[in-house]
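Values below: every heavy atom of this structure, side chains too, minus hydrogens, waters and symmetry copies.
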Amino acid sequence: MQLQTDVAGERAVEGEHRRTRRRQAALTALLLGVAGVGYRVVLLAAGVPPANSDEATMGLAALHISQGRELPVYFYGQHYMGTLEAYLAAPVVALAGPDIWALRLPLLMLYAVFLLAMWQLTRRLYTPWFATAIVGLLAFGSHRVIQNQFVAGGGYPEINPGAALLLLIAVVLGFRGAAARHAYGLYLAFGFIAGLLIWNDWLVAPYVAVAALLLLLPGVRPLLGRPGLALLGGLLLGIAPLLWHDLTQPVGNGAIATFLNMSDGAAETGWAQRLHGGVLLGVPLAQGFCGYGRCEPWQIAWAPIWGLLLIAATVAAARGLWRRRAAAGPPLAQADPTLAQANPPLPQAGPERTAAQDRERTRQAGRLALLVAAAITVLMYVRDDAAAVTPWESARYLHGLLIATAAVCWPLWWAARRAVGRPVRVGGIAGLAFVAALGLTASGTVLMRRQEISAIDDGQRLLATELPRAGTTAFYSDYWTCNLVTYLAGERVRCAVLDERLHPGYDRYAAYAPQVAAVPEQTFAFVTGSPGDAALAQWFAADGTPVEITTMGGYTLYRPLRPVPLPR
C-alpha cells in the first residue's frame with residue numbers, strides 16, 4: 001500500500017512539473033507571438049510592403065461588398081481564387097473607408113490565428129518547448145514571407161491559418177478516439193474550413209487532402225451518422241460560393257474547368273532550371289531565409305539541408321506509425337526520449353492504454369501528413385515553368401511550406417536534445433543548425449525592413465487625392481496604377497488601362513473602361529519616363545493635338561484640349 005502511495009505521489013509531482021513546463025513554454029510562445037504581431041503592426045503603419053493594383057482589385061471587391069453593390073465569388077477578371085479576403089475586409093472598409101491598412105488588418109488577425117494554431121498543433125505532435133521554438137521561427141518575416149502574409153492580393157494570407165486549423169482539428173479528433181464521435185462542432189468546423197479553403201485557393205489542396213486522410217485514420221465508421229452529417233454540412237456551406245458560381249456560369253467558365261486548363265500544359269523548361277528555381281531558390285525564399293531581391297549562397301544552402309531533413313523526418317514518422325501496431329510504453333521512450341518527457345508511460349492494459357495508443361498513432365500520422373503535404377507542394381511547383389521563369393515572384397506558391405516547419409525541423413531538435421549532457425557531435429551540429437535557421441530568418445527580416453521601406457511610393461496616393469479635387473472623374477493609365485488609384489479614391493475617379501503602345505489593356509473590372517470612355521474630358525497619367533509616357537508625348541506631338549501637361553508625384557499628366565481617339 002505504501003509503495004502504491006509513493007508511486008502515486010511521484011506521478012502527481014511529475015505531472016505538476018510537466019504542467020509547469022507547459023505553462024512556461026506557452027508564456028514564452030505568447031511573448032514571441034506578440035513580438036511577431038507587433039513587428040507586423042509596425043509594417044502596417046509604415047505601409048510596407050508597398051501596395052499594388054492586384055491588392056487594390058481585392059479592395060474594390062471589398063468596397064463593392066460593403067456598399068451592397070456586388071457579391072463577387074472570384075477575383076475580378078478570372079474564374080478562380082476566391083474573394084475571402086474581400087469579405088473579411090468589407091466591414092473595415094465600410095467603417096474606415098478605402099485604404100490599404102483596411103485590407104491588411106484582417107490579415108494581421110489571420111497571422112495571429114496561424115501562430116496560435118501552429119503552437120497548439122506542434123505541442124500535440126511534438127513537445128511544448130519545440131512548439132515555442134517554432135513560433136519563434138515564424139515570428140520573423142522576410143520580404144517574401146511578409147508579402148505572402150500581408151498583401152491582400154488573393155489566396156495566400158489565408159492558406160496557412162486555414163490549413164493549420166484543419167490539421168489541428170484532425171489531430172484533436174484523433175486524440176479523442178472514440179469520444180470524438182460526439183464532437184459534432186469540430187466535424188462541422190473541419191468541413192466548413194476545408195470548403196472555404198477549396199473555394200479560396202486550390203494551392204492548399206495537398207494540406208486539405210492529408211488532413212482529410214488524418215481524419216479518416218480510425219476508419220469510416222466514426223463518421224457514420226451525425227458526425228458525417230456535420231462534416232458534410234460544413235463542407236457544403238464552406239464550398240457553397242464555388243458550387244453556386246460553377247452552376248450559374250457557362251461550361252468552361254467554372255472554377256474546376258479553369259483549374260484543369262491551367263494545370264494541363266506541358267512544361268517547356270528543363271528539369272534543371274525548374275529544380276534550381278523551385279528548390280534551391282524557392283525553398284529558402286518561401287521560408288524567409290533570403291533578403292529583398294537576393295539569395296546569398298549561404299542562404300541557398302538551406303535548400304539541400306531542408307531536403308535531407310524532409311527525407312529523414314518522413315522515414316522516422318513512417319516507421320513510428322508502422323510500429324504503433326505494437327504496444328507503446330517503454331519502447332517509445334527508448335526510440336524518442338523527448339516524447340517521454342512530454343507524455344507519461346502508457347498503461348499496460350485497459351481503456352487508458354487504448355486512448356494512449358490512439359494519441360500516439362495520431363501523433364505519428366500527423367507528422368507524416370505534414371511532411372507528405374510539403375513534398376507534394378514542392379513537386380507541384382517544380383512541374384510548372386514558373387519555377388524556372390519567374391522564381392522570385394512565383395516562390396509564393398510555396399507559402400504553405402511554413403505549415404510543415406516543425407515537421408521538417410524536428411530531426412534537428414531531437415538530435416540536439418539527445419546531445420544535452422552527452423558528447424554527441426551530431427546532436428551539437430543539429431543544435432547549431434537550428435540556431436542557424438533562426439539566424440537566417442532574422443537576417444532576411446532585417447534586410448526586408450531596410451530595403452522594403454525605401455521602396456514606398458506615394459505617387460498613387462497623391463493621384464487619388466488630387467485628381468478628384470481637380471474635378472477629374474476618369475483617366476487612363478497603366479495596369480499597376482489604375483485600380484490602386486481607383487480604390488484609394490473610393491471610385492471618385494475611375495481608371496481604364498492602356499498598354500505601352502496606348503492600346504486598351506487588361507481591365508480586371510470590366511465596367512471601368514466604358515465609363516472612362518464616356519467622359520469627354522480625357523486625362524492620361526503615366527509614370528514619368530516610362531514607355532507609356534514616351535508614347536503619349538510622341539503621339540500628341542505627331543498628331544498636333546494641343547495638350548496641357550503637368551507633373552504630380554512622379555507621374556506626367558496629359559490633358560488634351562479636344563477629345564482624341566485612342567490607337568487601335
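You'll find the side chain of F289 stays beyond 4.5 Å of the side chain of V283, heavy atoms only. Looking at heavy atoms from C-beta onward, L88 lies out of side-chain contact with E158 at the 4.5 angstrom threshold. Using a 4.5 Å heavy-atom cutoff, the side chains of I134 and Y126 are not in contact. Between V48 and I146 there is no side-chain heavy-atom pair separated by less than 4.5 Å. Side-chain contact between L370 and W410 is absent, with no heavy-atom pair separated by less than 4.5 Å. For the pair L105 and W101, the minimum side-chain heavy-atom distance is below 4.5 Å. Residues L309 and L412 form a side-chain contact, since some pair of their non-hydrogen atoms from C-beta on lies under 4.5 Å apart. Residues W392 and R144 are not in side-chain contact: their nearest non-hydrogen atoms beyond the backbone lie 4.5 Å or more apart.
Side-chain contact annotation: T362 with R359, donor-acceptor N/O pair under 3.5 Å absent.
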Taking it one step at a time, do Y207 and I159 satisfy side-chain contact (heavy atoms from CB on, under 4.5 Å)? CA-CA 9 Å; Y207 290 93; I159 282 178; 5.7 Å; no
Run the numbers on L215 and L231 for side-chain contact (heavy atoms from CB on, under 4.5 Å), then give the verdict. CA-CA 11 Å; L215 194 68; L231 180 67; 4.0 Å; yes
Could you go through the side-chain contact (heavy atoms from CB on, under 4.5 Å) check for Y397 and D384 one step at a time? CA-CA 10 Å; Y397 298 135; D384 197 305; 5.7 Å; no
Is there a side-chain contact (heavy atoms from CB on, under 4.5 Å) between Y74 and L242 once you walk through the steps? CA-CA 9 Å; Y74 288 110; L242 184 152; 3.3 Å; yes
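For R383 (side chain) and L379 (main-chain N/O), no donor-acceptor pair under 3.5 Å exists by modelled atom type. Of the possible polar contacts, none joining the T314 side chain to the L371 backbone as a donor-acceptor pair under 3.5 Å is found. A donor-acceptor pair under 3.5 Å is absent between the side-chain atoms of E55 and the main chain of G153, judged by distance alone.
Atoms CZ and CG, from F75 and D54 in turn, are 4.5 Å apart once rounded to the nearest 0.5 Å. With rounding to the nearest 0.5 angstrom, the CG atom of L223 is 6.0 Å from the CG atom of L216. Atom OH in Y39 sits 9.5 Å away from atom CZ in F140 (nearest 0.5 Å). To the nearest 0.5 Å, atoms CG (N200) and CG (L84) are separated by 5.0 Å. Atom OG1 of residue T122 and atom CG of residue L168 lie 9.5 Å apart, to the nearest 0.5 angstrom. One distance of note links CZ of F192 with CD1 of I239; it measures 12.0 Å at 0.5 Å rounding.
The aromatic rings of Y156 and H399 sit perpendicular, their planes meeting at an angle over 60°, well past the 30° parallel limit.
A pairwise comparison of heavy atoms in V145 and A286 identifies CG2-O, 3.6 Å as the closest pair. In this structure, P284 and Q299 approach most closely via the heavy-atom pair CB-O, 3.7 Å. Considering every non-hydrogen atom in both L214 and A170, the closest pair reads CD2-CB, 3.8 Å. Closest of all the heavy-atom pairs between A317 and L368 is CB-N, 3.9 Å. When every heavy atom of C409 is checked against every heavy atom of L137, the shortest pair comes out as SG-CD1, 4.4 Å. Here the shortest heavy-atom pairing between I100 and A51 reads CD1-CB, 3.5 Å.
Partners of R226 under the salt bridge (Lys or Arg N to Asp or Glu O under 4.0 Å) rule, at least two apart in sequence or in another chain, do not exist in this structure. Here R361 pairs with D358 under the salt bridge (Lys or Arg N to Asp or Glu O under 4.0 Å) rule; sequence neighbours left out. With sequence neighbours excluded, the residues that form a salt bridge (Lys or Arg N to Asp or Glu O under 4.0 Å) with E296 are R294. Scanning for side-chain contact (heavy atoms from CB on, under 4.5 Å) contacts around I376 gives P206, V372, M380, with sequence neighbours left out. Remark: L280 pairs with H276, I300, A303, P304 by the side-chain contact (heavy atoms from CB on, under 4.5 Å) rule, at least two apart or across chains.
Screening residues 172-190 for side-chain hydrogen bond (donor to acceptor under 3.5 Å, both in side chains), with sequence neighbours left out, gives no hits.
Stacking of R40 on the aromatic ring of F150 is not recorded, the 6.0 Å distance cut-off and the 45° axial limit not both being met. Figure legend: R274 and W271 shown as a cation-pi pair, the cationic atom lying under 6.0 angstrom from the six-membered ring centre and within 45 degrees of its axis.
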